[in-house]
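Input: a single structure, listed below in structure tokens.
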2 protein chains.
Amino acid sequence: MTHEPLIEHVKNQVAARPEDLLLFASKLREVAVAKGKFLLRPNTYVKHEYFVVEGCLSAYYLDKKGNKTIVQFAIENWWLGDFDAFYNGVPSKLYIEALEDSTLLAINHDDLQTLFQQAPIFERYFRLLVTSAFISLRKRILSSLGKSVKERYMEFCESYPNIEDRVPNYQIANYLGVSAEGLSRARRKMKALKKT
Amino acid sequence: MTHEPLIEHVKNQVAARPEDLLLFASKLREVAVAKGKFLLRPNTYVKHEYFVVEGCLSAYYLDKKGNKTIVQFAIENWWLGDFDAFYNGVPSKLYIEALEDSTLLAINHDDLQTLFQQAPIFERYFRLLVTSAFISLRKRILSSLGKSVKERYMEFCESYPNIEDRVPNYQIANYLGVSAEGLSRARRKMKALKKT
DNA sequence: CAAAATGATTGACCTAGATCAATTAGGTTT
DNA sequence: AAACCTAATTGATCTAGGTCAATCATTTTG
């Protein structure tokens, strides 16, 4: 059953009773997105948050000038979605695109609210989830300010060893806020150092 | 009573019953920090999170080379603290320094866990809190990557109109990841434009 | 296998913003 | 008002990394 990895994930975070887990599972819906297809586009009202069972996706913004900025990659066992749109009921500004054929589990906004009433332990689960996402983002802010491309790339590889070789370099460059050429040069310098 | 603004803040976010609020209030402790003094220093175990009743503070990291990076300013009605250290029980790496004489309310880690048991509505309150903090951080990431100093400064002034004139420019520059000189030049260009 | 995409690397050049070093402008203190 | 501090501004360089254009490398497709 596709729900397994998510149920495991919940169990690792909080002490949920079997009936809570069953209730949760009953509200999940499976979604498949083929490589290159979109899970989410701007100017839609976002009714779901998603958990990645299998695959790899990226979330990004496009500004008026067409500049793309990737804000997140997601692979197995990551949640993704447009939190802002989902929780604040504003239209989405985000693109979410599958970089590989992907399988996700979706939970509907209203179902989630009901779940919070019926099984408050999930209030805790999502609080913990967002807290650790917040902590990671703070680390990312720290490295995006002031650090060199080389340092940022090294930190990225440490933090996301699994993503590094599933996503093309120019996408990682975008995520780091560097040009593809810039990242390429940084990597060359790193290799040169290692050989010494 | 100093608790008022925080109780108001809670009421604005969640439907807490009067007894929940009393319980919460009973766990708060008032803390005063004079201008220039520290609320938190690195290598301490963090037992509290703080709500600003009055004043202004900054939170920053110092790396090995002594480079300072301000990750947050906080004024009235903001929470601050070292989430990472508080929730994960690791030693703090953060400095929190008062930029003005400040009054805060502190909640102890264990008391908070008890509160979550006794009044799960606070699980929700803190979930909502962290979620909106996460959303703001994501916006900040977006502007720290790729945007020019001028744009970043304008966004900062829009987002934090109240902080802009309580904090010296060189601190804002640091927060934005620019040198004080760089910010000064950006501001000059902005003024030049306005006059046209 | 040839042809066509797609991604990565390199070179030549160019700008935004850093750094260093004065200078100026407001506030405080005496 | 003189003397002091702290913050902000300005000028003169310097450099990391951007941009543009071309060349390789490696997959994918017919």
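The sequence lines fix the lettering, A, B, ..., with proteins before strands; numbering per chain opens at 1.
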- Using the ring of each side chain (for Trp, its six-membered ring), is B:Y95 parallel, tilted or perpendicular to B:Y60, with breaks at 30° and 60°? parallel
- Query: What residue among A:I107, A:N108, A:T2 forms side-chain contact (heavy atoms from CB on, under 4.5 Å) with A:L28?
  - Reply: A:I107
- Atom-to-atom span, CG of B:N174 to C1' of C:dA18 - whole angstrom: 14 Å
- Can a donor-acceptor pair under 3.5 Å be found between the side-chain atoms of A:R185 and the base atoms of D:dT15? no
- Note on the structure: The answer to which of B:Q171 and A:G177 contacts DNA chain D further toward the 5' end, by nearest nucleotide, is B:Q171
- Query: Any donor-acceptor pair under 3.5 Å between the side chain of A:R187 and the base of C:dT10?
  - Reply: no
- Query: With respect to the side chain of A:R152, which nucleotide from D:dA7, D:dG17, C:dA18 is positioned closest?
  - Reply: D:dG17
- Item | Separation of atom NZ in B:K150 from atom C1' in C:dT15, rounded to whole Å | 14 Å
- Message: Let's see if you can work this out: which of D:dG18, C:dT10, C:dG17 has an atom nearest to the side-chain heavy atoms of A:S184?
- Response: C:dT10
- Query: Should the ring pair B:F83 and A:F134 be called parallel, tilted or perpendicular, given that the plane angle runs from 0 to 90° and is split at 30 and 60?
  - Reply: tilted
- Item | Closest listed nucleotide, where the reference is the side chain of B:E181 and the choices are D:dA7, C:dT19, C:dA18 | C:dT19
- What is the distance, rounded to the nearest whole Å, between atom CZ of B:R166 and atom P of D:dA7? 17 Å
- Under the ring pair (Phe, Tyr, Trp, His ring centres under 6.0 Å) rule, what do A:F156 and A:Y175 come out as? Steps first, then yes or no, please. CA-CA 10 Å; A:F156 177 84; A:Y175 176 89; 5.4 Å; yes
- Query: Rounding to a whole Å, what distance do you find between A:D165:CG and C:dA8:P?
  - Reply: 12 Å
- Could you state the atom-to-atom distance from NZ of A:K147 to C1' of D:dT15 in whole Å? 20 Å
- Task: Return the value, rounded to whole Å, for the distance between atom NZ of B:K189 and atom C1' of D:dT10.
- Result: 13 Å
- Item | Short side-chain N/O contact to C:dG7 OP1/OP2 from A:N169, under 4.0 Å | no
- Query: Which part of the nucleic acid does B:G146 contact within heavy-atom distance under 4.0 Å: base, sugar-phosphate only, or nothing?
  - Reply: nothing
- Message: Between C1' on C:dA18 and CG on B:N67, what's the gap in Å once rounded to a whole number?
- Response: 12 Å
- Rounded off to whole Å, could you give me the CG-to-P distance for the B:L183 and D:dT10 pair? 12 Å
- From D:dG17, C:dT19, C:dT10, pick the nucleotide closest to the side chain of A:R188? C:dT10
- Task: Measure the acute angle between the ring planes of A:F86 and A:H109, then classify it against the limits of 30° and 60° as parallel, tilted or perpendicular.
- Result: perpendicular
